[in-house]
Engineer: 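Can you keep this structure in mind? I'll have questions shortly.
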2 protein chains.
Amino acid sequence: MDMKQVLKKSYAAQASVIKAMAHPTRLLILNSLKKKETCVCELRDLVGDDISTVSKHLLVLKKAGLVAARREGNWLHYRLTCPCVLEFTECIRGLIK
Amino acid sequence: MDMKQVLKKSYAAQASVIKAMAHPTRLLILNSLKKKETCVCELRDLVGDDISTVSKHLLVLKKAGLVAARREGNWLHYRLTCPCVLEFTECIRGLIK
DNA sequence: CATCTATTTGGCGATATGGCAAAATAGATG
DNA sequence: CATCTATTTTGCCATATCGCCAAATAGATG
């Protein structure tokens, strides 16, 4: 595989993670998880969408490796695996202002 | 407008910028512009897609405020407006490894 | 094992995205 | 002003995404 292909593959991998972040609800979830582990039902209250919708957003984040879950009785507690991804929103907010 | 609405609006604005970055070709373009201002035709060679496709990607980046253009004769030179957005890909690469 | 609660999964319609090709535009140059 | 070059815009199709609802699942508890 030539250099160009390697680069393309690397950018595709990065893009898929970034894409997972590129949704208002998922940003809200990530920022909420920054503070503490949270169960799905609590996130649903925060987000205000149907719980199945919230669950699907969590699946997207999980597939991207951005969050992980831990079961405790009936509840699944989600947590942020990689807090550094949120530092970057500082830069974005600077861009928007 | 209540607090929740304000937050939602802020996340929507952030998400739209992040979404602009969430494509392999656009990441390639941003990383290329990090090194130097570049004209569209040079980017097309780099990317390998039709020039109209590259132009559309540049429009997406421009609308997000991530790049800006400067005309010089027949050429439009694009540049990165906010290099800090690329620091964050360090963190993403760490996540992928 | 029947049932309850929390969560995920499947299905569906509406809308957005990405790529190419063709047509339009903007500015430079004869 | 006719023409050339670089770039953008338009149109089209295929595919992906988002949100809801209904149905399925996983584990706890009587």
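What you see is a predicted model; the values in this text were computed from it and never measured. Residue numbers start from 1 in every chain, and the chains themselves are labelled A, B, ... in the order their sequence lines are given, proteins ahead of strands.
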Engineer: Measure from NE2 on B/H77 to C1' on D/dA6 and round the result to the nearest Å.
Structural biologist: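 It is 11 Å, rounded to the nearest whole Å.
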Engineer: Partners of A/K62 by side-chain contact (heavy atoms from CB on, under 4.5 Å), sequence neighbours excluded?
Structural biologist: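 side-chain contact (heavy atoms from CB on, under 4.5 Å) list for A/K62, sorted by chain: A/L59, A/V67, A/Y78.
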Engineer: Determine which pairs satisfy salt bridge (charged side-chain N to carboxylate O under 4.0 Å, His left out) with at least one residue from residues 17-35 of chain B, sequence neighbours left out, and list them in order.
Structural biologist: none
Engineer: Can you build the contact string for nucleotides 17-26 of chain C? Use B for base contact, S for sugar-phosphate-only contact, and - for no protein heavy atom under 4.0 Å.
Structural biologist: SSBBBB----
Engineer: Run the side-chain contact (heavy atoms from CB on, under 4.5 Å) test against A/A12 and tell me which residues pass, sequence neighbours left out.
Structural biologist: B/P24
Engineer: Could you check if a side-chain atom of B/L86 sits within less than 4.5 angstrom of a side-chain atom of B/L80, using non-hydrogen atoms only?
Structural biologist: yes
Engineer: Between P on D/dT17 and CD1 on B/I18, what's the gap in Å once rounded to a whole number?
Structural biologist: 17 Å
Engineer: Got a sec, which pairs hit disulfide (SG to SG under 2.5 Å) with one end in residues 57-87 of chain B, sequence neighbours left out?
Structural biologist: A/C91-B/C84
Engineer: Does anything in residues 38-58 of chain B pair up under salt bridge (charged side-chain N to carboxylate O under 4.0 Å, His left out), and if so which pairs, sequence neighbours excluded?
Structural biologist: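 Passing the test, one end in residues 38-58 of chain B: B/K36-B/E42.
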Engineer: In dot-bracket notation, what is the pairing pattern of DNA chain C, taking Watson-Crick (N1-N3 plus N6-O4 or O6-N4) and G-U wobble (N1-O2 and O6-N3) contacts under 3.5 Å, with [ ] crossing and | for other strands?
Structural biologist: ||||||||||||||||||||||||||||||
Engineer: Could you tell me which residues satisfy disulfide bond (SG atoms under 2.5 Å apart) with B/C41, sequence neighbours excluded, listed by chain and number?
Structural biologist: none
Engineer: Provide, to the nearest angstrom, the distance between the CG atom belonging to B/L59 and the P atom belonging to D/dT10.
Structural biologist: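 Roughly 10 Å, once rounded to whole Å.
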Engineer: Taking atom C1' of D/dT8 as reference, at what distance in whole Å does atom CZ of B/R44 sit?
Structural biologist: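 It is 14 Å, rounded to the nearest whole Å.
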Engineer: Side chains of A/V47 and A/T53, heavy atoms from C-beta outward: is any pair under 4.5 Å?
Structural biologist: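 SC-SC contact between A/V47 and A/T53 ruled out.
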Engineer: Under the ring pair (Phe, Tyr, Trp, His ring centres under 6.0 Å) test, which residues partner B/F88, sequence neighbours left out?
Structural biologist: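 If we apply the ring pair (Phe, Tyr, Trp, His ring centres under 6.0 Å) test to B/F88, skipping adjacent residues, the hits are A/F88.
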Engineer: Can you tell me the distance, in whole Å, between the CH2 atom of A/W75 and the P atom of C/dT8?
Structural biologist: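 Value for this atom pair: 14 Å.
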Engineer: Who pairs with B/L66 by side-chain contact (heavy atoms from CB on, under 4.5 Å), at least two apart in sequence or on another chain?
Structural biologist: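 Testing B/L66 for side-chain contact (heavy atoms from CB on, under 4.5 Å), a comparison that skips the adjacent residues, returns A/L95, B/V17, B/A20, B/M21, B/L30, B/L61, B/A64, B/V85.
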Engineer: So, is A/Y78 near the phosphate of C/dA6, with a side-chain N or O under 4.0 Å from OP1 or OP2?
Structural biologist: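 The answer is no; no side-chain N or O of A/Y78 sits under 4.0 Å from OP1 or OP2.
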Engineer: For B/R70, enumerate each residue passing the side-chain contact (heavy atoms from CB on, under 4.5 Å) test, keeping only those at least two apart in sequence or located in another chain.
Structural biologist: B/E37, B/E72, B/H77, B/R79
Engineer: Can you list, in residue-number order, the parts of residues 31-38 of chain A that come under 4.0 Å of DNA chain C, counting heavy atoms only?
Structural biologist: none
Engineer: For A/M21 and D/dC18, what is the distance between atoms CE and P respectively, to the nearest whole Å?
Structural biologist: 14 Å
